[in-house]
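Take a look at this one; I'll ask things after.
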Amino acid sequence: MGCNAQEHMRLALFDFVTGGMGWGQVGFRDNKPGIFHADTLDMVWDQSCKIMSEMQWAACKTRQPLWYWKKLYGSAVKMSPKTDENEDELVELVYYYDVIDGGHRVILNPKGAEPDKPIKNDKNPFFYEVQGEEVPFLPYESASMMLLPSVRLPYGVVEQMLPAQLAIHQAEDYIADVIERCKGHFEAEEGTYEPETWDRLINEGEIGLALKRRTGHQPGQWTPPQEPPRSVYEWLQQNERSLTEQSGNNPYVSGNPIGPEFASEVAAIEGNAGLMASSIAKVNAMLWERLASKFLATGALYDDGYITIRDIPVPGSTASIDIDFGPDNPVSIHLRPDAVITVRE
């Protein structure tokens, strides 16, 4: 209603698979409820909990220009007397919610602000109605908490491949170091060649070049460049294959026949691809389900605005109709937070 939820949820999923916690939230934009992405670095949460349902409080930092906050909260937004008010300056607000006493505080957090004087302090506006009673909930959900037994060690899909990535980096760094430091060189006793002859030997050293060597001196010696050990190349290739297998990205999908020496690698890639895809899909579906339920609960409580749902098919006919909702016919009465939600891509 109040946002492009699909794009926000993609951001949350991307954050999760790249090592973040994949936070999503239910909130309001232009007085309409919506589903939004919350950056992991902006979240602060109750770390004493083991699972999402045990979380007692959470907060999120949000940055907008000062004029936006004044438009939203009016005279309640007061900067520190020592701070010059620039209407276009980004100002950070902290939105705090808890389910302990249903508290809800919006804290202005510019330089020198007083945290003990929130600009808004009232009950949590997010709650389910259960048999006439209000049961508050936190508007935040994290994808990582649906997969892991602890919130203390967020573990993304990309992080699972970290050992192979580090091994590849170390092997490549070692190979480059050997090539740089162990170049081929020409060695001769001092005074063996005249300066002009030495320059020709170093700069124009070709097969068949005629050189003058002083009497009593041994010929110079050429030492070829050293090569990195073969074992390092094998270690590099092994970890590259491991990284490919874990990513599930199959490089053998061209349809060309694969030799028996690659059969086990292809099987590992396909197996990891299926496991990774199913894990990500499961977490994504769970995040959608939980946030959609909270979205419906929020919409059922606060949404009595004008909404038109277009092109609704009529059963048994090829025709379609539009349905209009408004203050006299609010859509909120048709929203059921306890509905069974099906998530499909």
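Residue numbers count from 1 along this sequence.
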From Cys60 SG over to Tyr96 OH, what is the distance, rounded to the nearest 0.5 angstrom?
->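 So the gap between those two atoms works out to 14.5 Å.
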Counting N and O atoms only, with roles assigned by atom type, does the side chain of Thr40 sit under 3.5 Å from a partner on the main chain of Met21, one being a donor and the other an acceptor?
->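 Indeed, once roles are kept as given, a pair shorter than 3.5 Å links the two residues.
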Quick one: does Glu92's side chain get under 4.5 Å of Thr62's, heavy atoms only?
->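 No. Closest side-chain heavy atoms not under 4.5 Å.
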Asp42 side chain vs Ala38 backbone, donor-acceptor pair below 3.5 Å =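 Between the backbone of Ala38 and the side chain of Asp42 there is no qualifying donor-acceptor contact (under 3.5 Å).
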Is it true that Leu72 and Phe126 fall in one hydrophobic cluster, defined by side-chain heavy atoms closer than 4.5 Å?
->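 In one cluster: yes.
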Roughly how far apart are Ile175 CD1 and Glu227 CD, rounded to 0.5 Å?
->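 CD of Glu227 is found 11.0 Å from CD1 of Ile175.
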Under 3.5 Å, is there a donor-acceptor pair between the side chain of Lys294 and the main chain of Leu138?
->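 Yes; judged by distance alone, with no hydrogens or angles, the pair exists.
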Side chain to side chain, Leu93 and Tyr73, heavy atoms closer than 4.5 Å |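 In contact.
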Within a strict 4.5 Å, meaning less than it, do heavy atoms of the Pro225 and Ile179 side chains meet?
->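 Result no, sub-4.5 Å side-chain heavy-atom pair not found.
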Would the number of heavy atoms belonging to other residues, nucleotides or ligands and lying under 6.0 Å from CD of Glu54 be above 12?
->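 Correct, the count exceeds 12.
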Same cluster for Tyr68 and Leu90 if Ile/Leu/Val/Met/Phe/Trp/Tyr side chains link at under 4.5 Å?
->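 No, Tyr68 does not connect to Leu90 through the hydrophobic network.
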Where the side chain of Asp15 meets the backbone of Gly22, is there a donor-acceptor pair that is under 3.5 Å apart?
->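 Here the side-chain-to-backbone pair exists.
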Does atom CD of Glu133 have more than 12 heavy-atom neighbours from other groups under 6.0 Å away?
->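 For Glu133, atom CD is not crowded (no more than 12 foreign heavy atoms under 6.0 Å).
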Backbone of Glu289 reached by a side-chain donor or acceptor of Ser293 within 3.5 Å |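 Checking the backbone N and O of Glu289 against the side chain of Ser293, no donor-acceptor pair under 3.5 Å is found.
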Side chain to side chain, Pro229 and Tyr174, heavy atoms closer than 4.5 Å |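 A side-chain contact under 4.5 Å exists here.
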CD on Glu180 to CG on Asp177, rounded to 0.5 Å |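 Reported value, rounded in 0.5 Å steps: 8.0 Å.
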Phe14-Trp288 co-clustered via ILVMFWY side chain contacts under 4.5 Å =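 No.
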Between the main-chain N or O of Phe137 and the side-chain N or O of Asn124, is there a donor-acceptor pair closer than 3.5 Å?
->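 Indeed, once roles are kept as given, a pair shorter than 3.5 Å links the two residues.
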Of the non-hydrogen atoms in Pro136 and Val99, which two are nearest, and what is the gap between them?
->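 In this case the closest contact between Pro136 and Val99 is O-CG1, 3.5 Å.
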Considering only heavy atoms from C-beta outward, does the side chain of Val44 approach that of Trp57 to under 4.5 Å?
->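 In contact.
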Side chain of Trp235, backbone of Ala171: donor and acceptor closer than 3.5 Å?
->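 Such a contact is absent between Trp235 side chain and Ala171 backbone.
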Heavy-atom closest pair, residues Phe295 and Pro33 |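 Smallest interatomic distance, heavy atoms only, reads CE1-O, 3.4 Å.
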Nearest heavy-atom pair of Glu134 and Phe127: which atoms, and what distance?
->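 It is CG-CE1, 3.4 Å.
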Indicate yes or no for a side-chain donor-acceptor contact from Trp23 to the backbone of Met43 under 3.5 Å, with no hydrogens or angles considered.
->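 No; zero donor-acceptor contacts below 3.5 Å.
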What are the two closest non-hydrogen atoms of Leu291 and Met9, and how far apart are they?
->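 Heavy-atom minimum between the residues: CD1-SD, 3.7 Å.
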Quick one: does Gln25's side chain get under 4.5 Å of His37's, heavy atoms only?
->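 Side-chain contact under 4.5 Å: no.
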If Ile, Leu, Val, Met, Phe, Trp and Tyr residues are connected whenever their side-chain heavy atoms lie under 4.5 Å apart, and connections chain through other members, are Val130 and Val26 in the same group?
->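 Per the 4.5 Å side-chain linkage, Val130 and Val26 are co-clustered.
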Close side-chain approach of Trp45 to Ser142, heavy-atom, < 4.5 Å |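 They are not in contact (no side-chain heavy atoms under 4.5 Å apart), so the answer is no.
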Rounded to the nearest 0.5 Å, what separation is found between the NZ atom of Lys70 and the CD atom of Gln64?
->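 That separation rounds to 15.5 Å.
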Could you go step by step and tell me if Thr298 and Phe28 meet the side-chain contact (heavy atoms from CB on, under 4.5 Å) rule?
-> CA-CA 9 Å; Thr298 304; Phe28 292 91; 3.4 Å; yes
Over all atoms of both residues, closest heavy-atom pair of Ala12 and Leu287 |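 So the two residues come closest at CB-CD2, 4.2 Å.
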Work out which heavy atom in Val178 is nearest to a heavy atom in Gln226; give both atom names and the distance.
->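 Looking at all heavy atoms of both residues, the closest pair is CG1-O, 4.0 Å.
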Indicate yes or no for a side-chain donor-acceptor contact from Asp46 to the backbone of Gln56 under 3.5 Å, with no hydrogens or angles considered.
->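 A pair under 3.5 Å: yes.
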Check the hydrophobic clustering (I, L, V, M, F, W, Y; side-chain heavy atoms under 4.5 Å; chains of links allowed) and say if Met286 and Leu11 are grouped together.
->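 Result: no, two separate clusters.
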Would you find a donor on one side and an acceptor on the other, under 3.5 Å apart, between the side chain of His8 and the backbone of Phe36?
->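 Pair absent, no side-chain N/O of His8 close to backbone of Phe36.
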Would you indicate whether Gln237, at its atom CD, is surrounded by more than 12 heavy atoms from other residues, nucleotides or ligands within a distance under 6.0 Å?
->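 Yes, because the 6.0 Å sphere around CD of Gln237 holds more than 12 heavy atoms from other groups.
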Using the side-chain contact (heavy atoms from CB on, under 4.5 Å) rule, take Leu236 and Glu172 through it: C-alpha gap first, then chi angles, then the decisive distance, then the call.
-> CA-CA 7 Å; Leu236 173 63; Glu172 291 177 338; 3.9 Å; yes
Got Leu66 and Asp88 here, is their nearest side-chain heavy-atom distance under 4.5 Å?
->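 Not touching, per the 4.5 Å side-chain cut-off.
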